[in-house]
Structure formats: C-alpha cells, structure tokens
Amino acid sequence: MLVELIHNPASGTHDDFRLQVLSHAFQACGAQVRLGRTERDGKFEIFPECDLVCVSGGDGALRLVVASMVKSGITKPLCIFPAGTVNLVAKELGYSAHPEKFAREVMAGFLARDAARLQAPVITSDDQPFVACISAGPDGQAVARHSPRLKKRIGGAAYAFSMLRLLGDWPKLRFAVEVEAPDGSKIQRNCAAIYVIKARHYAGRWVLAPEAALETDICHVLLLNLARRRDFFRFLATVALGRDPALLDFVESLPARRLTIDPADEPTREAAFQVDGDMLPLQPRTIGITGQTVTYCLPIPE
C-alpha cells in the first residue's frame, strides 16, 4: 500500500519533525510513504499509483488538495491529519491529532473499505471547491486584517486579537442574496453578514448550523439582518453557549443547494470574504453544490 503524504511547507503551522513522525507511523503500519507538497500556486502532483492521499495541514491545505483532485478527476480516498491552525473537517470526521494513533486508525479504516468511507458532495464558490465554510461579516473582516506573524506565534487567538482591533472601525455591510432551497424554490434576502456552512464546525468547536454535515447534499446559509457591535457580540455569545443562533430574531438559517451574492452598496464591494480560514482574492458570486463527490477514508477508533 502506498500513501501520498501531502504537506504545505509554507504554512505557519508546518512542523518537519511532526511530519516525519507521521510518515514513520504509517510505515510502522506496513505502508509505503511518498511525500508531496503544495506550492504557492496551489499546484502539486498526486501520484497515480498511490492508494491513499493524506493531507497534513488544516482546512486551507485540504481545500487545495480537494480542488486539484476534482479538477483532475482523481477519486483516491482522502484523509486529513489535523496540523493546521483550525481543523474543522478533521474534527467532524474524528481524526486524531496524535501521529501514531492517527496512522493506526486510518489504516484500519482503509482496510475496512466501504464500511469506513464517507462520500462528501463537493461545494464550489465560482467553480472553485471549498470544504468547510465561506463567510463575510465582522469576523471575515477580522480575518482579513489579522497578522500572519502573530498567528504563527499564538495560533487562532490572532483572529480574536484582530476582532478587538476592529471595534474602532466597525464594518457596515449590506448584501443582496438569492437562496435556492433544496426543493428548487428561491428566496431573496438582504443581510449585513453571511455564512455558508458545509462542515459542522466553524472557527473551532463552534456550531452555527446544527444540521450541517459533510455528507449531506445541501449547505446551510446563515444571514444576519443586523450586525452592529451589540448584535454581533450577542450572536457570538449565543454560539459560544452552544445554542442555535437561528433562534435570534435577527438571524435566519436556510438550507440551500445554491445561492448568489451581490454587494448592495459600494463599501460592501470592498468587503473581505474568508474561505476555510483563508482570504478569497475576489468576492464570490455563485456558491453551490455540484454533482461531484470526494471520498474520505474514515478512522476506526482503537
């Protein structure tokens, strides 16, 4: 069995030693390992002869790999070792952060074949796949303004620090959104912040849409009609307490197969969107579920 272990050497969380430990752990389970790496342009080679693709990184690295596999028509089973700042997909699918345990559980899942496979419908933003979430709002602007150097030092806390700095220059955004429901009906809304959720978790352990799951053929769209300071921190407090934010009177949650997003004014045209924890170079226009899938090799707990 051959495992292609893909990593991002430019990532702020990259750790050569941990990568070597993971490689040795797979070898101890009887697998051969070949290393691959993502480049700045997102391109990399997936070896045709590999049996399993393993991404060592976070959701951003996983997004690059999924996009490449979809574009190339590669259907190899995929797993992710949680080595990024935030690991939403790895958290949802139950992958261990301990290299030896991860390798043993993934190898057990690989040998179990269909009993340990999850087919995840691919969702795209303007035809580019993503894996967990896209959002625009106060937290998206905080992500855009965070310090990569500080993130390397303190991890995800850099986003919280950036959010505090945003208090003095609070964004006022308005989006026009058309949501296509699973039954084909369409709904038009205006909102101040938007979250498109595919994976269950958001920004760590938070859950914005309790029914979201990778294996479903829909996404969940959260729209905040108001996103003033007091509204947004009420929203954050609700989520932090483990409550469904859709219960708030200014939040609406809609299941969707497709949506279009238009900035409603000139300042909003400059608003930043984050995708899987990274910044999008351009605002998305159309987001939707495709007819393609990626296959995750699930871990079998010891």
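All residue numbers in this chain count up from 1 along the given sequence.
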Spell out, as yes or no, whether a donor-acceptor pair under 3.5 Å connects the side chain of [X] to the backbone of [Y].
X	Y	answer
S72	S68	yes
D244	A209	no
K91	G204	no
W170	P138	no

Q: Please collect all side-chain hydrogen bond (donor to acceptor under 3.5 Å, both in side chains) contacts where either partner lies in residues 173-183, sequence neighbours excluded, each pair once.
A: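 Qualifying pairs: E178-Q188, D183-S185.
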
Q.
I need the full list of side-chain hydrogen bond (donor to acceptor under 3.5 Å, both in side chains) pairs touching residues 111-134, with sequence neighbours left out, sorted by first then second residue.
A.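 For residues 111-134: Q119-T293, Q119-T295.
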
Do [X] and [Y] sit in one hydrophobic cluster, given that two such residues count as connected whenever their side-chain heavy atoms are within less than 4.5 Å of each other, even indirectly?
X	Y	value
L298	L22	yes
I300	F110	no
L224	V207	no
L35	F26	yes

Tell me the closest heavy-atom pair linking [X] and [Y], and the distance in Å.
X	Y	value
P245	T238	CA-CG2, 4.0 Å
A227	F232	O-CB, 4.4 Å
E105	P301	OE2-CA, 3.5 Å
S23	V33	OG-CG1, 3.6 Å
P255	I218	CB-CD1, 3.9 Å
G36	H7	O-ND1, 2.8 Å

(Q) Taking CZ in R229 as the centre, count heavy atoms belonging to other residues, nucleotides or ligands within less than 6.0 Å. Is the count above 12? (A)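 Buried by this count: over 12 neighbours within 6.0 Å.
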
Q.
Could you list the cluster mates of V196? Members are the ILVMFWY residues connected by side-chain heavy atoms closer than 4.5 Å, either directly or through other members.
A.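 Besides V196, the hydrophobic cluster comprises I123, F130, I134, L173, F175, V177, V179, I187, I194, V221, L223, L254, L259, I261, F273, V275, L280, I287, I289, listed by chain and residue number.
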
**Q.** Option passing side chain to side chain contact (heavy atoms under 4.5 Å, CB included) with L62 (candidates I6, D276, L78)
**A.**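 Per the side chain to side chain contact (heavy atoms under 4.5 Å, CB included) rule, the option paired with L62 is L78, out of I6, D276, L78.
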
Q) Charged N to carboxylate O below 4.0 Å: is that the case for K101 and E302? A)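 The answer is no: the pair does not qualify as a salt bridge.
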
(Q) Strictly below 4.0 Å, N to O, side chains only: are K76 and D51 in salt-bridge contact? (A)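 D51 and K76: not salt-bridged.
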
Q: Go through the structure and list residues passing side-chain hydrogen bond (donor to acceptor under 3.5 Å, both in side chains) with Y195, not counting sequence neighbours.
A: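 Partners of Y195 by the side-chain hydrogen bond (donor to acceptor under 3.5 Å, both in side chains) criterion, ordered by chain and then number, come out as D139.
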
Q. According to the salt bridge (charged side-chain N to carboxylate O under 4.0 Å, His left out) rule, which pairs have a member within residues 282-295, sequence neighbours left out?
A.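 Qualifying pairs, neighbours excluded: D262-R285.
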
Q.
For D265, give me all partners under salt bridge (Lys or Arg N to Asp or Glu O under 4.0 Å), at least two apart in sequence or on another chain.
A.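 So D265 forms no salt bridge (Lys or Arg N to Asp or Glu O under 4.0 Å) with any residue.
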
Q: Evaluate ring pair (Phe, Tyr, Trp, His ring centres under 6.0 Å) for Y95 paired with F81, printing each intermediate quantity in order.
A: CA-CA 7 Å; Y95 293 116; F81 177 65; 9.3 Å; no

